[in-house]
Amino acid sequence: MDGCTMLDSSKFLSLHQLVRKHISHGSHVYLEGLLVNRLPMAAVHEIIRAQLRELRVVSAPNGLAIDQLVGAGAVAELEFYFLGFMTRNGFATMRRFREATETGALRVKESMGYAICMALRAGAFGIPFIPLPDFRGSDLLSVRQDYQVMQSPYGSQDTVITVPALRPDVLMLHAHSADAKGNIILDEPWTNFTLTTAQACQKVLVTVEKVVDNEVFEPQTITLPHFLVDAIAQVPYGAAPTALNHRYEVSTSHIQLYQKHAQTQEGFDEYLQDYIQSCSDHSSFIDKAGIPPPWNETKSSSEQGGSSK
Amino acid sequence: MINPAKDYSFDELIISTLARQLEDETRVFTGVASPVQMLATLLAQATHAPNLLYFTILGTINPKPHVTPFSTGDPHLFDNCENAITFPEIFDLANNGRMDVAFLGGVQIDQFGNLNMSIIGDDPEHPKVRLPGGAGGPLMIRSFRRIISWRPNHSQRSLVKQVPFITSPGWIPAAKGPRHGGPDVIVTDLCVFQFNRSTNRINLKSIHPGTELRQIKEQTGFPFAIPAKVVTTEPPSKKEIEVLATKVDPYDKRKSLLKATS
């Protein structure tokens, strides 16, 4: 990185600054990441360190992030459609989420994956609601008063279910790299739903493995154009202990350690103290948790992927 | 003709039984917590269904993972994919009748194929047990042509007469409007059930080797029809076992993976 490009200091921030500047008590936050892939875990830990409260969170199916935010008392309301994931030790039930729901400490709005995606599409398209194909018969319609049954206005017998647009205050995601202008690359095969999600949200906050400050990316490689991105923080291993394509594996042993702690609130509080509060930043978490180093980039991912398990 | 293996394990039986439910030239989707179904789909592709298109929840089509991932969200399901779309686009395709099979399960499944992935208890505000959530189920269960469920822990608690909360509606009148399909096959650790659309009942299709009919009757909470001659589930073939060990799961994760889902 020998280029001397000056990065825009209002956009390129430390993670500490990014979270405190752009997320507030009560913010409506959409967290990206799927099961064990690319959860914005560094940002989740920093939200906890910043002691943000009363957040309204919309979850992609990213149970680990949600469970930690709920256990730390940061969340007032949660919209979700699937929390938990498979590990080599079986299905990881999200205990803090489950307990907070069962005691009524957490307000939950169960949805459906496609309904949340469609609601984000509506947000991105700038329309107030969007119709989905009929799914009457599901009791989701009795717990979601905001989902309405409607006849098509175009004269057919079609019945649709309408869901209101989602326009969260903040999209928080982790990606592979940012260039000097703040264009973002997500190194996955097809990423255009991240663009839709970014268009639905008021602010887009991104942690990246790497800021390539002497380069501007080729247009066809860019996932999010710079003008949609409000803030960027460079955080190596920002998704760990979850995985990042071409970079690192799921840290199964650390997730197992978390799951053991999270069985009780006391155990969770211990984890919170040892692995989040007492770590000044994500790199000290990585050291403390003993997350293995990323793949040696000279080796092919197949050798690495095959040998690391 | 199937050349049955003499020596096989439980995991090989389940994976091959699931694989055989899939036909060639079809489009198959696995969802959020489906590593066994993933292996079954990869096995079908590598044996009798070479032109099956496999869609993962990551949006990849026909991936060739370098390792056997435990989570179907593992980025190894990006490995060597032929193509990719996004997750909501898979459901867009299904809405237009362009998807064939989805693997979709429930913590509880009832006699109509209704799935409960939401709550146990009467009060949705204060559930006795909060379950993980229905993922894409409520619409998927009718937008895909066939729903196949893998339901380990065959018991009266999981296979019930009536679910207390219908996350995803099966063959019930309340599920009004058009549908492309619905619940078809349930594979458990004891047997294979199949819905009969003309009688609207669940038929016992086959019982796994070593299982007694009595056991299935005792451990099933929903009524089901028993055919005059009860057949045994075909054991995996030598070829299926070989393909599993050499191509689909060379790192030999299937035993621990099946154990993890049970």
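Bear in mind the structure is a predicted one, so any value in this text is a computation, not a measurement. In what follows, every chain begins at residue 1, and chains take the letters A, B, ... in the order their sequences are listed.
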query = Is there a donor in the side chain of A:Tyr81 and an acceptor in the side chain of A:Ser59, or the other way round, less than 3.5 Å apart?
reply = no

key: Contacting moiety of B:Thr60, where chain A heavy atoms sit under 4.5 Å   = side chain

message = For B:Ile172, which atoms come within 4.5 Å of any heavy atom of chain A: side chain, backbone, both, or neither?
response = side chain

ask   = Taking the six-membered ring for Trp, are A:Phe91 and B:Phe70 ring centroids under 6.0 Å apart?
value = no

task = Using a cut-off of under 4.5 Å on heavy-atom pairs, state which of B:Ser118, B:Ala135, B:Gly133, B:Ser143 scores highest against chain A.
result = B:Ala135

message = Heavy-atom cut-off 4.5 Å, strictly under: side chain, backbone, both or neither for B:Asn114 against chain A?
response = neither

query = How about A:Thr191 and A:Glu188: does a side-chain donor come under 3.5 Å of a side-chain acceptor?
reply = no

inquiry  = Just so I understand: if I count every heavy-atom pair under 4.5 Å between each of B:Lys128, B:Lys176, B:His126 and chain A, which residue has the most?
reply    = B:Lys176

ask   = Under 4.0 Å between a Lys/Arg side-chain N and an Asp/Glu carboxylate O for A:Arg144 and A:Glu79?
value = yes

message = I need the residue from A:Asp139, A:Asn192, A:Leu35 with the largest number of non-hydrogen atom pairs under 4.5 Å to chain B.
response = A:Asp139

request  = Count the heavy-atom pairs under 4.5 Å between each of B:Ala33, B:Gly177, B:Gly121 and chain A, then report the option with the highest count.
outcome  = B:Ala33

key: salt_bridge(B:Arg27, B:Asp100) N-O dist < 4.0 Å   = no

ask   = Which residues pass the side-chain contact (heavy atoms from CB on, under 4.5 Å) test with B:Pro178, sequence neighbours left out?
value = none

Structural part of B:Leu131 lying under 4.5 Å from a heavy atom of chain A = backbone

message = Counting heavy-atom pairs closer than 4.5 Å to chain B, which one of A:Thr159, A:Thr87, A:Asn89 comes out on top?
response = A:Thr87

Contacting region of A:Arg107 [heavy-atom separation from chain B under 4.5 Å] = neither

Option that, when pairs with chain A are counted at under 4.5 Å, heavy atom only, ranks first among B:Leu257, B:Thr167, B:Ile141, B:Asp92 = B:Asp92

remark   = Counting heavy-atom pairs under 4.5 angstrom with chain B, the leader among A:Pro189, A:Ala92, A:Ala243 is A:Pro189

inquiry  = Looking only at the side chains, is there a donor atom on one of A:Arg96 and A:Gln265 sitting less than 3.5 Å from an acceptor on the other?
reply    = yes

key: Donor-acceptor pair, side chain of B:Thr41 and main chain of B:Gln37, under 3.5 angstrom   = yes

query = So, does A:Glu110 use its side chain to make a donor-acceptor pair with the main chain of B:Gly134 at under 3.5 Å?
reply = yes

message = Working note: B:Asp11 + B:Ser9, criterion side chain to side chain donor-acceptor pair (under 3.5 Å); need CA distance, chi angles, decisive distance, verdict.
response = CA-CA 6 Å; B:Asp11 52 290; B:Ser9 53; 2.8 Å; yes

message = Are there residues of residues 81-90 of chain B whose heavy atoms fall under 4.5 Å of chain A's heavy atoms? If so, which?
response = B:Cys81, B:Ala84, B:Ile85, B:Thr86, B:Phe87, B:Pro88, B:Glu89

query = What residue in A:Pro61, A:Ser111, A:Gly113 has the most heavy-atom pairs under 4.5 Å with chain B?
reply = A:Gly113

task = Verify, without hydrogens or angle tests, whether B:Ser149 (side chain) and B:Arg151 (backbone) share a donor-acceptor contact under 3.5 angstrom.
result = no

remark   = Of the listed A:Met94, A:Glu102, A:Met118, A:Arg98, the one with the largest count of heavy-atom pairs under 4.5 Å with chain B is A:Glu102

task = Would you check, one step at a time, whether the test side chain to side chain contact (heavy atoms under 4.5 Å, CB included) holds for A:Phe129 with A:Val163?
result = CA-CA 6 Å; A:Phe129 67 90; A:Val163 303; over 6 Å; no

ask   = Based on non-hydrogen pairs under 4.5 Å, which of B:Pro65, B:Ser71, B:Ala175 is most in contact with chain A?
value = B:Ser71

request  = Please determine, among B:Pro35, B:Pro169, B:Gly137, B:Ser168, the option with the most heavy-atom pairs under 4.5 Å with chain A.
outcome  = B:Pro169

query = Got a donor-acceptor contact below 3.5 angstrom from the B:Thr72 side chain to the B:Val32 backbone?
reply = yes

ask   = With distance as the sole test, does A:His174 use its side chain to make a donor-acceptor pair with the main-chain N or O of A:Glu32 at under 3.5 Å?
value = no

